[in-house]
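All remarks here apply to the structure that follows.
Proteins get letters first, then strands, A, B, ... in listed order; numbering begins at 1 in each.
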Amino acid sequence: MTASENRTPLPKNFFNRPTLTVARDLLGKTLVRRWRGVELRAKIVEVEAYIGQADTACHCSKGRTRRTEVMFGAAGHAYVYFVYGMHYMLNIVTEATGFPAAILIRAVEPLAGQEAMAALRGNSARNLTNGPARLCQAMAIDKQFNGWNLTTGDTLWVADAPAVPDAAVARGTRIGIGYAAPADQNALWRFWLKDNPFVSRK
DNA sequence: CTCTCGATGTTCT
DNA sequence: GAACATCGAGAGG
């Protein structure tokens with residue numbers, strides 16, 4: 001088995017660390033989804049961190065509600081939410097139980113199962129996985145995975161892959177958070193792989 | 001390439 | 001009732 005075919009799920013301890021560290025280390029790892037007998041695989045190429053109740057960009061800044069409950073839970077679980085009346089977003093919960101934080105997966109690069117992904121997106125779609133809602137559609141990720149344990153290797157998980165060197169990592173501000181306080185809008189909490197064509201924006 | 005705009009339903013005020 | 005961690009279509013350069 002080559003590194004690109006690794007199925008070993010990242011353990012809870014990988015996610016139970018400072019969110020910015022986890023975000024940076026998630027780059028290059030493999031998102032795996034078993035769907036109707038097909039294994040969909042994609043490399044994580046862009047992420048954003050949402051950290052704690054003091055972060056006004058984070059949903060958890062509104063407190064512990066039915067929606068944000070998962071973020072207050074154990075690391076390594078999925079936080080999937082619905083926005084704009086039509087889009088799902090995939091996040092991974094980080095840090096200790098009781099501290100709300102998560103990482104939004106913003107873009108991935110398809111590695112296997114591209115035909116199924118294209119069918120899920122609608123075969124006329126031009127952009128397969130370069131956006132948080134697009135990748136959810138391409139990998140059949142919806143509300144059923146909210147609260148899903150991503151560390152067991154069942155149905156949806158993150159597989160280990162070789163670490164990405166610092167020279168390949170870029171960092172900037174988060175996207176689509178104009179409602180947040182200026183300091184939070186300016187935080188460099190978005191990470192992506194330099195020059196990767198599947199990143200959502202330049 | 002850029003931009004503007006509408007879709008659509010859950011969540012919280 | 002307003003806002004929303006977005007996307008795709010359509011108009012224009």
Side-chain angles (χ1 to χ4, degrees), chain A residues 15 18-20 22-24 26-27 31 42 44-73 75 77-95 99-110 117-148 150 156 158 170-193 195-202:
Chain A
F15 301 103
T19 304
L20 293 176
V22 180
R24 183 253 175 269
L26 267 178
L27 294 176
L31 186 63
I44 296 171
V45 302
E46 182 184 0
V47 298
E48 284 177 359
Y50 290 83
I51 311 173
Q53 297 194 64
D55 175 11
T56 59
C58 184
H59 294 163
C60 65
S61 66
K62 301 293 183 186
R64 190 191 280 244
T65 67
R66 196 160 61 249
R67 183 194 209 192
T68 62
E69 182 64 29
V70 174
M71 264 199 283
F72 287 81
H77 288 244
Y79 167 46
V80 179
Y81 67 91
F82 188 64
V83 278
Y84 297 118
M86 60 189 81
H87 298 307
Y88 291 102
M89 305 279 153
L90 171 65
N91 301 251
I92 304 177
V93 176
T94 56
E95 311 220 25
F99 184 87
I103 295 166
L104 171 69
I105 309 300
R106 280 199 58 90
V108 298
E109 175 181 340
M117 292 183 192
L120 281 160
R121 285 277 290 132
N123 287 311
S124 60
R126 292 177 164 269
N127 302 295
L128 212 50
T129 57
N130 60 338
R134 289 169 180 152
L135 74 90
C136 282
Q137 190 178 16
M139 300 186 79
I141 295 166
D142 62 18
K143 199 74 179 169
Q144 72 170 293
F145 289 107
N146 189 40
W148 189 262
L150 295 167
L156 177 66
V158 185
R171 188 169 176 175
T173 57
R174 294 173 291 179
I175 292 173
I177 55 164
Y179 57 88
D184 293 324
Q185 291 192 50
N186 293 329
L188 303 180
W189 288 359
R190 173 176 173 241
F191 300 83
W192 67 94
L193 291 181
D195 304 322
N196 186 287
F198 288 88
V199 167
S200 66
R201 303 195 198 178
K202 291 174 187 171

Legend entry - Strand partner of C:dA5, provided both Watson-Crick or wobble distances fall under 3.5 Å: none

Inset, instruction - Give one of base, sugar-phosphate or nothing for A:I177, where a contact means two heavy atoms less than 4.0 Å apart. - result: sugar-phosphate

Legend entry - Rounded distance (nearest 0.5 Å) linking atom CG of A:D184 with atom OG1 of A:T56: 3.5 Å

Show the distances under 3.5 angstrom between N or O atoms of the protein and N or O atoms of nucleotides 8-13 of chain C.
from: C:dG8; atom 1: OP1; to: A:R121; atom 2: NH1; distance (Å): 2.9
from: C:dG8; atom 1: OP1; to: A:R121; atom 2: NH2; distance (Å): 2.7
from: C:dG8; atom 1: OP2; to: A:R134; atom 2: NE; distance (Å): 2.7
from: C:dG8; atom 1: OP2; to: A:R134; atom 2: NH2; distance (Å): 2.7

Inset, instruction - Nearest whole angstrom, please: distance from the P of B:dT11 to the CE of A:M89. - result: 15 Å

Inset, instruction - Can you tell me the distance, in whole Å, between the NE2 atom of A:H59 and the C1' atom of C:dA3? - result: 11 Å

Legend entry - Phosphate contact (B:dC12 OP1 or OP2) by A:T65 side-chain N/O below 4.0 Å: yes

Legend entry - Rounded interatomic separation in angstrom, taking OH from A:Y50 and P from C:dC4: 12 Å

Every protein N/O lying under 3.5 Å from an N/O of nucleotides 2-8 of chain B:
from: B:dT8; atom 1: O2; to: A:Y84; atom 2: O; distance (Å): 2.1

Legend entry - Rounded distance in Å - OH (A:Y79) to P (C:dA5): 9 Å

Legend entry - A:Y179 (side chain) donor-acceptor with A:A57 (main chain) under 3.5 angstrom: yes

Legend entry - Test salt bridge (charged side-chain N to carboxylate O under 4.0 Å, His left out) applied to A:E48 and A:R106, A:R24, A:R201, A:R174, the passing residue: A:R106

Legend entry - Heavy-atom pair with the smallest gap, counting every atom of A:R171 and A:L188: NE-O, 2.6 Å

Inset, instruction - Grab the two heavy atoms, one from A:Y50 and one from A:D55, that are nearest each other, plus how far apart they are. - result: CA-OD2, 3.6 Å

Inset, instruction - Mind calculating the distance between CD1 (A:I175) and P (C:dT6) to the nearest angstrom? - result: 8 Å

Inset, instruction - Let me know the distance between CG of A:L128 and P of C:dC7, rounded to the nearest Å. - result: 13 Å

Inset, instruction - Measure across A:T94 and A:I103 and return the closest heavy-atom pair with its distance rounded to 0.1 Å. - result: CG2-CD1, 3.6 Å

Legend entry - Integer-rounded Å distance: C:dA5 P and A:I92 CD1: 19 Å

Legend entry - Nearest-angstrom distance from the residue atom CG of A:L135 to P of C:dA5: 16 Å

Inset, instruction - With rounding to the nearest 0.5 Å, note down the distance linking CZ in A:R190 to OG1 in A:T173. - result: 7.0 Å

Inset, instruction - Classify the nucleic acid contact of A:A133 as base, sugar-phosphate or nothing, counting any heavy atom under 4.0 Å across all strands shown. - result: sugar-phosphate

Inset, instruction - Remember a base hit wins even if backbone is also touched, and classify A:R174 as base, sugar-phosphate or nothing at under 4.0 Å, heavy atoms. - result: nothing

Legend entry - A:T129 versus A:P110, closest heavy-atom pair with distance: OG1-CD, 3.3 Å

Inset, instruction - Would you name the heavy atoms of A:Y88 and A:K143 that are closest together and state the gap between them? - result: CE2-N, 3.5 Å

Legend entry - Proximity to the side chain of A:F82 - top-ranked nucleotide from B:dT10, B:dT11, C:dT6: B:dT10

Inset, instruction - Taking only the side-chain heavy atoms of A:Y179 (C-beta and beyond), determine which of B:dG9, B:dT11, C:dC4 contains the nearest atom. - result: C:dC4

Inset, instruction - Sort out for me which residue in A:L135, A:N196, A:V47 forms a side chain to side chain contact (heavy atoms under 4.5 Å, CB included) with A:V108. - result: A:L135

Legend entry - Phosphate OP1/OP2 of C:dT6 contacted by A:R106 side-chain N/O (<4.0 Å): yes

Legend entry - Identified pairing partner of B:dT8, criterion: Watson-Crick or G-U wobble below 3.5 Å: none

